Amino acid sequence: MQSYQLRRVAIIMLAVVLLVFGVVQLANLFRRSDNSSSITQTADLLDLPDYAAADSRVVLTQQGEIIAREDYREIKISISPNRRTVEIISGYNGRVIDRRSLANDRAAYAVFLRAINQFGFDESKGNDLGDDERGICPGGNRTVTELLNDGEPIFRLWAASCSDRLGSLAGDADELVELFEAQIPDFDGFTRDVRL
């Protein structure tokens with residue numbers, strides 16, 4: 001009789017453990033699908049410096065004035081734990097016409113994430129124009145910030161030089177641009193001929 005009760009208790013405990021495990025797995029699955037269905041996340045859900053230990057990448061793109069496709073340019077800077085890359089993009093189809101890539105390390109990446117975190121790299125705000133910055137502020141520039149983890153977009157925010165009220169990026173776009181540019185030695189020389 002006592003052996004039967006021990007087996008019964010063991011089976012109940014095993015069922016409880018499996019149930020808890022299943023609930024945790026479902027919660028993780030739901031969180032992952034929720035993240036992929038909505039790229040723009042609120043800053044409250046993210047702790048940017050924690051991504052230093054992950055397979056993540058932060059990207060800042062400066063988009064120039066809306067002009068003829070032959071003359072339109074963007075500058076995209078991507079920073080990851082092992083690589084710093086700057087690309088000059090021509091036209092509206094994203095054609096890379098020049099690229100410089102440099103090594104990085106996890107310690108430098110961790111410090112960089114802490115620095116951009118101070119200037120609101122992942123801080124979002126509501127706006128009437130939504131998540132699509134194309135065509136906004138045609139005589140000025142747009143700055144786009146992105147975080148990707150394991151190749152999946154976590155958020156994408158934007159700001160425009162025409163007005164602080166435009167865009168979804170609540171952080172300081174000018175300071176963020178300076179921090180990203182400082183990650184690329186001789187950035188000014190490399191982008192000397194780019195008209196933004």
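This is a predicted model, so every value here is computed, not measured.
Counting non-hydrogen atoms of neighbouring residues, nucleotides and ligands closer than 6.0 angstrom, the CZ atom of R106 exceeds 12 such neighbours. Within a 6.0 Å sphere centred on CG of D164, other residues, nucleotides and ligands contribute 12 heavy atoms or fewer. Counting non-hydrogen atoms of neighbouring residues, nucleotides and ligands closer than 6.0 angstrom, the CZ atom of R165 reaches no more than 12 such neighbours.
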Would you check, one step at a time, whether the test ring pair (Phe, Tyr, Trp, His ring centres under 6.0 Å) holds for F180 with F187?
CA-CA 10 Å; F180 272 81; F187 176 85; over 10 Å; no
I would like to know whether T143 and V177 meet side chain to side chain contact (heavy atoms under 4.5 Å, CB included); could you show each step before the answer?
CA-CA 8 Å; T143 301; V177 166; 4.0 Å; yes
V144 and Q63: side chain to side chain contact (heavy atoms under 4.5 Å, CB included), yes or no, with the steps?
CA-CA 8 Å; V144 178; Q63 301 174 347; 3.8 Å; yes
Chi angles and distances behind the side chain to side chain contact (heavy atoms under 4.5 Å, CB included) call for N141, Q62
CA-CA 7 Å; N141 300 324; Q62 299 173 71; over 6 Å; no
Before giving the answer on side chain to side chain contact (heavy atoms under 4.5 Å, CB included), spell out for R84 and S78 the whole-Å C-alpha distance, their side-chain angles and the decisive distance to 0.1 Å.
CA-CA 6 Å; R84 293 166 291 149; S78 302; over 6 Å; no
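Put simply, the side chain of R95 does not reach to within 4.5 Å of the side chain of I89, judged on heavy atoms. Side-chain contact between I79 and I77: present, with at least one pair of heavy atoms (C-beta onward) separated by less than 4.5 Å. Side-chain contact between N82 and D105: absent, with no pair of heavy atoms (C-beta onward) separated by less than 4.5 Å. Looking at heavy atoms from C-beta onward, D188 lies out of side-chain contact with F190 at the 4.5 angstrom threshold. Between L147 and D122 there is no side-chain heavy-atom pair separated by less than 4.5 Å. Contact check for E146 versus V58: no side-chain heavy atoms found under the 4.5 Å cut-off. No side-chain heavy atom of L176 sits less than 4.5 Å from a side-chain heavy atom of E178.
Atom CD1 in I116 sits 5.0 Å away from atom CG in L48 (nearest 0.5 Å). Atom CG of residue L169 and atom CZ of residue F119 lie 13.0 Å apart, to the nearest 0.5 angstrom. Residue E87 holds its CD atom at 10.5 Å from CD of E74, rounded to the nearest 0.5 Å.
Under a hydrophobic clustering in which Ile, Leu, Val, Met, Phe, Trp and Tyr are joined whenever their side-chain heavy atoms come within less than 4.5 Å, directly or via other members, L60 and I88 fall into the same cluster. Hydrophobic clustering (ILVMFWY, side-chain heavy atoms < 4.5 Å, transitive): L148 and V86 are in distinct clusters. Using a 4.5 Å cut-off between side-chain heavy atoms of Ile, Leu, Val, Met, Phe, Trp and Tyr, with links allowed through other members, F112 and I154 fall into the same hydrophobic cluster. When hydrophobic clusters are built by joining Ile, Leu, Val, Met, Phe, Trp and Tyr residues whose side-chain heavy atoms come closer than 4.5 Å, directly or via intermediates, I66 is not grouped with I136. Linking Ile, Leu, Val, Met, Phe, Trp and Tyr residues whenever their side-chain heavy atoms come within less than 4.5 Å places I75 and L179 in a single cluster.
Of the possible donor and acceptor atoms, one in the side chain of S168 sits under 3.5 Å from a partner among the backbone N and O of W158. A donor-acceptor distance shorter than 3.5 angstrom exists from the side chain of D172 to the backbone of D174, with no hydrogens or angles considered. Side-chain atoms of R99 never come within 3.5 Å of backbone atoms of T85 as a donor-acceptor pair (strictly under, hydrogens ignored). A donor-acceptor pair is defined here as one N or O able to donate and one able to accept, closer than 3.5 Å; such a pair exists between the side chain of N104 and the backbone of S80. No donor-acceptor pair closer than 3.5 Å links the side chain of D47 to the backbone N or O of D50. Of the possible polar contacts, one joining the S56 side chain to the Y51 backbone as a donor-acceptor pair under 3.5 Å is found.
Among all heavy-atom pairs drawn from A173 and A159, the shortest one is CB-CB, 4.1 Å. In this structure, A52 and L113 approach most closely via the heavy-atom pair N-CD1, 3.4 Å.
With respect to R195 and E65, a salt bridge is recorded, a charged nitrogen being found less than 4.0 Å from a carboxylate O. No salt bridge links R142 with E133; every basic N to acidic carboxylate O contact stays at or beyond 4.0 Å.
Between Y92 and Y72, the ring planes are parallel. Angles under 30° get that label, and only those over 60° would be called perpendicular.
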